[in-house]
Visitor: 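Sharing a structure below in structure tokens format, with a few things to ask.
Every heavy atom of this structure was used, including side-chain atoms; hydrogens, water molecules and symmetry mates were not. Labels below follow one simple rule: chain letters A, B, ... track the order of the sequence lines, proteins then strands, and each chain is numbered from 1.
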2 protein chains.
Amino acid sequence: MAVKQPLPAEPRRTVADEVYRALKRDIITLRRPPGAALTEHELAAAYGSSRVPVREACRRLQQEGLVTAIPYKGYFVNRISLREIADCFELRGVLETHAVDSAVRRASADGLARLQELAAIEYTYHDWSSYADFLERNQDFHIQLAGLGGNERLVAVLGDLLGSMQRFFFLGLDLGAFGPEMRREHERLVEALSSGSAAAAVACVQEQIASSRQRVQRALTRNGIDLPIQ
Amino acid sequence: MAVKQPLPAEPRRTVADEVYRALKRDIITLRRPPGAALTEHELAAAYGSSRVPVREACRRLQQEGLVTAIPYKGYFVNRISLREIADCFELRGVLETHAVDSAVRRASADGLARLQELAAIEYTYHDWSSYADFLERNQDFHIQLAGLGGNERLVAVLGDLLGSMQRFFFLGLDLGAFGPEMRREHERLVEALSSGSAAAAVACVQEQIASSRQRVQRALTRNGIDLPIQ
DNA sequence: ATCGGGAAGATTGTATACAATACGTATACA
DNA sequence: TGTATACGTATTGTATACAATCTTCCCGAT
């Protein structure tokens, strides 16, 4: 008999939730660029709801670090600084490193199988929406990976962090061909986990984060994007 | 000429903010115990506002991990499990260890002075409100400490985490005499930072977190509090 | 010309009214 | 007596109206 438990992951299917997801997507994909001003009125019109759900969405995004609310003034999409990028990657490294280290000891065969599934993602070259999907799946992979470490609180924090880091990847986007490269990285990580070598797995994930950071860095310089230091 | 910058730390002085702080305090101090059901209507009556600010406060507390919202059902103060306590302390260890390690290299004399000030906190034995103040100051100390590491994002995450951990300390509260003990721990940490020894500082903070965890553990067993495993 | 004040517009903050949903309960029917 | 259905109540979800606050601009006084 299945026990009726309050699933926190169940889709909420409320207007507020839809506005939240739509607005978050638009911010991540830079359709609402860093520094853009948002008013509740305009957002309500854009997403076809009243101000109330918009308000809730904005507050959520503020706590996730994507927008800033200034009382009686409005909302602003947070600007991206080199400092913020550095901070986020650093924090991501700390969290994922620890999670992977724990995962080596705790991971179940079932969990590893699920991870393996998520590792097998690709995208079609020069297809923007396919690339956006790819990034989302990639995030799922890293969340599932962290979940194997068994610390739910850490997973929740990492989820918010990765969500707000997504837009970094859209900054200097040229749809390069690093899909296979990332896939190989993922599969090597699953291997290391399966073999039970903590050192190998940790090295693998750190290498992965470093190369992710390099991809962002290269894209910025290549496209001549000048970000404020802080 | 002072540049007018949007201070994110400025007090908002809105009704929603007051409800948020009041409700958070009541949850942390266990006046609203784990598992308690909250309705927007009752909360509005209790804190003298309408449902709108209450709603905003509840959503914030949900994202901080103190309550859970179930659509069309209500809000519930999150229960405390041994698993959650373990997860939180583990995450706290990861974050603070990293922050302190960075702080050794980056800390300014000014920042250290400010930290030293915050280290000098005490409380009067058997005075409940003094104890509550003490815990708040203690949190300020750890936030300032983490701030020296220079990663703002990490500090924000740690802030939420410490906030939701506060109520652990009220679970088996007997106002023991570990005030001087903690004060000494704080001062030793400041010393280690000043001397520039990363190893010593890291060891110090880890020891501190471990003893904090032990105090919670001991209080639970002493008062015969049986928490669910997870 | 410059500085101050005040009014108007824009925007968020709050309250209230109404709609949608979930859940318990009573009731009708087999 | 058991079960299914319909209804009533409680609660959140959403929309709208109004209040508080900030910004801007204009106009007048110095």
Visitor: Using the side-chain heavy atoms of B:S49, tell me which of these nucleotides is nearest: D:dT14, C:dT11, C:dA15.
Guide: C:dA15
Visitor: Provide, to the nearest angstrom, the distance between the CD1 atom belonging to A:I70 and the P atom belonging to C:dT11.
Guide: 14 Å
Visitor: Rounded to the nearest 0.5 Å, how far does CE of A:M165 lie from CZ of B:R153?
Guide: 8.5 Å
Visitor: Below 30° counts as parallel, above 60° as perpendicular, anything between as tilted: where do the rings of A:F169 and A:F89 land?
Guide: perpendicular
Visitor: Name the pairing partner of D:dT11, where a pair is Watson-Crick or G-U wobble with both distances under 3.5 Å, or state none.
Guide: C:dA20
Visitor: Do the side-chain N and O atoms of B:R59 and B:Y75 include a donor-acceptor pair separated by under 3.5 angstrom?
Guide: yes
Visitor: What's the closest nucleotide to the B:V52 side chain, out of C:dG13, D:dT12, C:dA15?
Guide: C:dA15
Visitor: Between C:dG13, D:dG13, D:dA15, which nucleotide gets closest to the side-chain atoms of A:S50?
Guide: D:dA15
Visitor: Can you tell which of C:dG13, C:dT12, C:dT14 lies closest to the side chain of A:R59?
Guide: C:dG13
Visitor: Over how many whole Å does the gap from B:R60 atom CZ to C:dG13 atom P extend?
Guide: 12 Å
Visitor: Output the single nucleotide from D:dT21, D:dT14, D:dA17 whose closest atom is nearest the side chain of A:R51.
Guide: D:dA17
Visitor: So which nucleotide from D:dA20, C:dT14, D:dG13 ends up closest to the side chain of B:V15?
Guide: C:dT14
Visitor: From C-beta outward on A:K73, which listed nucleotide comes closest to its side chain: D:dA15, D:dT23, C:dT14?
Guide: D:dT23
Visitor: Is the closest basic N to carboxylate O distance between B:D87 and B:R83 below 4.0 Å?
Guide: yes
